[in-house]
> 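Below: one structure in structure tokens.
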Amino acid sequence: MLTTLAQELGTPTYIYSADLMREKARAFQEALRGLPTLVCFAVKANSNLAVLNLFKESGLGLDLVSGGELARARKINLAGEKIVFSGVGKTDQEILDALHYGSKGIFAFMVESMEELARIEALAKTAGKVARVGIRFNPNIDAKTHPHISTGKKENKFGIEEKDVLKSISQYKNSAHVLIRGLSIHIGSQLIDLKPIERAFTKLKKLADTVHAKNPLEFVDLGGGLGVPYENEKIPSFEAYGSLVRKIFGKSPYRLVFEPGRALCAESGVLLSRVLIRKKAKPQDFLILDAGMNDLMRPALYGSYHPITLVSTSATPKGQKAFRIVGPVCETSDAFAMGRKLSDSVAPGDLVTLDLAGAYGFSMANQYNTRCRPAEVLVEGNQYRVIRPREKLEDLFREESTQ
Ligand SMILES: *Cc1c(COP(=O)(O)O)cnc(C)c1O
């Protein structure tokens with residue numbers, strides 16, 4: 001299949017398994033069975049409309065972080081009551097668009113600052129609407145993940161500290177245009193340890209109960225963040241995560257909102273790429289791929305690990321050898337792996353996959369070096385469909401002028 005896809009569509013190409021995405025969505029919901037939940041897929045992990053629609057059909061809502069993502073939700077006709085809108089810097093237009101979404105707006109804005117809350121109230125007033133909100137609580141917890149994707153410490157830009165959460169509740173108690181309906185947290189991404197999650201849940205529960213005693217809350221939003229085994233890390237299972245949720249919130253009066261992204265789609269995708277050049281060098285040869293940091297940014301951005309698999313080689317397999325596997329982009333940081341072992345027979349024209357690339361892959365891709373973003377393909381059983389053709393060169397500068 002991969003060889004055929006490379007021949008028919010060219011490389012680099014993102015390939016996703018619909019079956020595995022559906023299975024993940026099912027398993028996540030199964031782990032929370034019996035609880036009152038709203039599970040919203042975090043659109044930024046993989047925003048392709050076909051993927052969003054697949055998750056919608058699996059019963060999920062969407063967690064957004066921009067007006068652009070709201071437009072994607074509209075495109076798949078998702079009901080407003082299944083949408084939460086997070087993000088530290090929403091523009092007036094984005095807030096208005098969400099207030100006017102469908103007939104009743106969205107389920108809730110997750111508000112990240114006192115200033116934003118005031119803006120939302122003012123805009124809802126002008127629009128003659130009522131904004132349902134959740135306050136994103138910053139629990140000041142170290143999620144023990146990469147610093148660039150840690151979001152729950154007090155020095156991070158995300159969320160509101162406890163005393164201001166309480167202040168906002170009393171301040172907006174009688175507001176005609178802002179209804180504070182819940183509290184939320186999201187302490188980081190690629191979490192591989194349940195302990196910080198447990199501490200965050202416990203703090204959130206305590207704060208929610210304090211608020212709820214005087215000002216009834218409808219929901220708590222437990223965020224996303226569950227990791228995936230990029231490098232054989234031991235990741236808590238959905239069941240273990242579900243048990244933790246049950247332990248802390250099982251008997252609580254709140255509806256439980258979740259915002260998983262990576263855990264539902266990372267393992268379902270690969271980036272298929274061809275080796276362009278095997279460049280002799282000391283101490284290790286370079287394998288220069290036709291995929292670069294613009295196509296899959298995570299290694300350059302966070303030093304992330306992706307498994308790399310040799311799909312096919314024309315030569316007879318030999319022993320393993322360590323390679324420096326890089327992209328063609330004119331940046332030293334355009335490297336996928338250093339000292340990675342592959343068969344010594346690897347040669348130009350061979351295909352490789354960068355694995356676990358279904359999350360934060362295409363959605364972070366860009367056109368740096370005037371490179372077209374890859375095609376995206378959804379495989380279902382033994383069928384496939386192109387859910388986004390490879391970008392065309394003329395699209396890259398269609399709107400530019402030469403003067
Ligand atoms: C990015 C993000 C998520 C999803 O995180 P994953 O690690 O992909 O599960 C959920 N909620 C918020 C607020 C986010 O910013």
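Everything numeric in this text was worked out from a predicted model, so none of it was measured. Atoms within a ligand are numbered from 1 in the order they appear, just like the ligands themselves. By convention here, the first residue in the shown sequence is residue 1.
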> Which pairs pass salt bridge (Lys or Arg N to Asp or Glu O under 4.0 Å) with one or both residues in residues 18-28, sequence neighbours excluded?
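Residue pairs with at least one partner in residues 18-28: Asp19-Arg22, Arg22-Glu380, Glu23-Arg26, Lys24-Glu267.
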> When you measure from the centre of the six-membered ring of Tyr230, is the NZ or CZ of Arg298 closer than 6.0 Å and no more than 45° off the axis?
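Yes - Arg298 lies over the ring of Tyr230, closer than 6.0 Å to its centre and within 45° of its axis.
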> Compute both the distance and the angle, then confirm whether Arg324 meets the cation-pi test with Phe286: under 6.0 Å from the six-membered ring centre, within 45 degrees of the axis.
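Yes.
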> Identify every side-chain donor-acceptor pair in residues 109-117 under 3.5 Å, counting partners at least two apart or on other chains, and give the distances.
from, atom 1, to, atom 2, distance (Å)
Glu112, OE1, Gly159, N, 2.9
Glu112, OE2, Gly87, N, 3.3
Glu112, OE2, Arg136, NH1, 2.8
Ser113, OG, Glu116, N, 3.1
Glu116, OE1, Glu112, N, 3.0
Glu116, OE2, Lys90, NZ, 2.6

> Which residues satisfy the ring-ring contact (aromatic ring centres under 6.0 Å, His included) test with Tyr172, sequence neighbours excluded?
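Checked Tyr172 against ring-ring contact (aromatic ring centres under 6.0 Å, His included); zero matches.
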> Can you work out which protein residues put a heavy atom within less than 4.0 Å of ligand 1?
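Ligand 1 pocket, heavy atoms under 4.0 Å: Ala42, Lys44, Asp63, Ser86, Arg136, His186, Ser189, Gly224, Gly225, Glu259, Pro260, Gly261, Arg262, Tyr360.
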> Distance under 6.0 Å and angle within 45° of the ring axis: does Arg278 meet both against Phe323?
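No, cation not above the ring by the 6.0 Å, 45° rule.
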